[in-house]
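Residue numbers begin at 1 in each chain, while the letters A, B, ... track the order of the sequences.
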2 protein chains.
Amino acid sequence: MSKHSGALKELRAKGCRLTPQRLLILEAIAEGSAHMGVDEVFRRARESYPYLDVATVYRTLRLFRELGVVTEVGIADRLHFELTDPAARHHHMVCKVCGSAFDLSPYYLEQFRETLSREFGFEPDLGNFTVTGTCVRCGSRKELRGPIGN
Amino acid sequence: MSKHSGALKELRAKGCRLTPQRLLILEAIAEGSAHMGVDEVFRRARESYPYLDVATVYRTLRLFRELGVVTEVGIADRLHFELTDPAARHHHMVCKVCGSAFDLSPYYLEQFRETLSREFGFEPDLGNFTVTGTCVRCGSRKELRGPIGN
DNA sequence: GACGCAACTGCAATCATTTGCAACTTATTC
DNA sequence: GAATAAGTTGCAAATGATTGCAGTTGCGTC
């Protein structure tokens, strides 16, 4: 409950309602593994309420993201979410070869953010920031196969 | 033709074939506006060859992106592409409020890239890098409406 | 604790993107 | 220039995600 109270306050502040569906989805994310796919959230939440529809899950997750309650991580072109933990805020590096997601401390982005803000007045949405690329393991494996290898 | 010759060489090097469809799609992007949506590429290319299928456009664009021939820009959760110009390489800032895309010089990301590479061995795929956020105009408009405004 | 309204949900339809497969083409080899 | 092997295409079906709408429900007000 303690983890949710903040989220509920956010809902109220925006004039949103507290529905059983939203509570279920919130719980599913809070109790599930890190970086949950939409269908995993859906399956978990539906266990307690079989009438739940995927559309509601998508809508709710988007709402939660806008409220800052959950963080979106784009893994392999699909939506994944995790509970936002203000005490351990972090970004993500996703390997486009193996699909693994690594946490990245905001420390490494602070300077970048400041530059964009100062130079262009552009305020980056780093709350849901993800860099794709190649992780150490996949990078070294590729080298072994030569420059054209796939 | 001069702009394409590089792309054609890339195709050959990877053992890919040169088909009329691919040429059409390449031309459509080269002649079209910046940051073209998939359907715009499709419509343009189909003008010269009505049998062209969307699936082919998607497949070809993905191939071109992997070859570095085109650059992907994610605007409002949809795929957009532009011809990669090695002489004027740049990244993108996309405003999540108004959907505008702004060019960003690689200069601002060089340090970030180096840090990720050195600290984590993670090689970011900055060729197709996009930051979302709020641009100057939308940022200031929001302030006028107060903190809860939408 | 009933009323009213805007927010929310479920359903079905729709859009954006990807994939499996059989038929067809490109480019290579002889 | 015919035979061949591998890459490509179009079509149709599947998947992931969004949206319109009519009915339902949370919640502030009396």
Side-chain angles (χ1 to χ4, degrees), chain A residues 4 7-26 28 35-43 45-46 48-67 69-70 72-81 96 99 128 148 150, chain B residues 7-26 28 35-43 45-46 48-67 69-70 72-81 96 99 128 132 148 150:
Chain A
H4 303 167
L8 306 186
K9 229 179 274 178
E10 289 284 340
L11 279 175
R12 287 300 199 73
K14 281 260 182 179
C16 299
R17 291 195 192 149
L18 186 58
T19 66
Q21 289 91 335
R22 289 180 176 172
L23 273 178
L24 282 174
I25 291 168
L26 191 56
H35 317 132
M36 287 173 85
V38 174
D39 56 329
E40 198 180 342
V41 177
F42 179 49
R43 254 184 288 119
R46 195 171 46 171
S48 318
Y49 177 60
Y51 289 112
L52 186 67
D53 195 87
V54 218
T56 302
V57 176
Y58 277 103
R59 280 188 281 230
T60 304
L61 287 174
R62 210 199 317 181
L63 173 69
F64 282 174
R65 184 194 48 174
E66 272 152 26
L67 294 177
V69 173
V70 302
E72 184 182 315
V73 189
I75 299 179
D77 292 331
R78 253 164 246 171
L79 299 179
H80 288 242
F81 295 87
K96 64 185 174 183
N128 298 294
I148 300 197
N150 191 21
Chain B
L8 306 185
K9 228 179 274 177
E10 288 283 341
L11 279 176
R12 287 302 200 72
K14 280 262 182 178
C16 298
R17 291 198 190 145
L18 187 57
T19 66
Q21 289 91 334
R22 288 181 178 170
L23 274 178
L24 282 174
I25 292 168
L26 191 56
H35 316 135
M36 289 173 83
V38 174
D39 57 328
E40 197 179 344
V41 177
F42 179 48
R43 254 183 287 118
R46 197 171 44 173
S48 319
Y49 177 59
Y51 289 111
L52 185 67
D53 195 87
V54 217
T56 302
V57 176
Y58 276 102
R59 278 189 283 232
T60 303
L61 287 175
R62 206 196 322 177
L63 173 69
F64 282 173
R65 185 193 48 175
E66 271 152 27
L67 294 177
V69 172
V70 302
E72 185 183 313
V73 190
I75 300 180
D77 292 332
R78 249 161 250 173
L79 299 179
H80 288 242
F81 295 87
K96 64 185 173 182
N128 298 295
T132 59
I148 299 197
N150 191 23

Specify the separation, in whole Å, of atom [atom1] of [X] and atom [atom2] of [N].
X       : N      : atom1 : atom2 : value
A/Arg78 : D/dA17 : CZ    : P     : 7 Å
B/Gln21 : C/dA23 : CD    : C1'   : 14 Å
B/Arg22 : D/dT9  : CZ    : C1'   : 10 Å
B/Leu79 : D/dT18 : CG    : P     : 13 Å
B/Leu23 : C/dT25 : CG    : C1'   : 14 Å
A/Arg46 : C/dG10 : CZ    : P     : 11 Å
B/Leu18 : D/dT9  : CG    : P     : 10 Å
A/Leu63 : D/dT18 : CG    : P     : 13 Å

Touch check for [X], heavy atoms < 4.0 angstrom, all strands: base, sugar-phosphate only, or nothing?
X       : value
B/Pro50 : nothing
B/Phe42 : nothing
A/Arg59 : base

Nucleotide nearest [X] when distance is taken to its side chain, options [options]:
X       : options                : answer
B/Thr60 : D/dG10, C/dT9, D/dT9   : D/dT9
A/Asp53 : D/dG16, D/dG10, C/dG10 : C/dG10
A/Thr19 : D/dG16, D/dT9, D/dG26  : D/dG26

Non-neighbouring partners of B/Arg65 that pass side-chain hydrogen bond (donor to acceptor under 3.5 Å, both in side chains), sequence neighbours left out: B/Glu72
Spacing of B/Arg43 atom CZ and B/Met36 atom CE [to the nearest 0.5 Å]: 8.5 Å
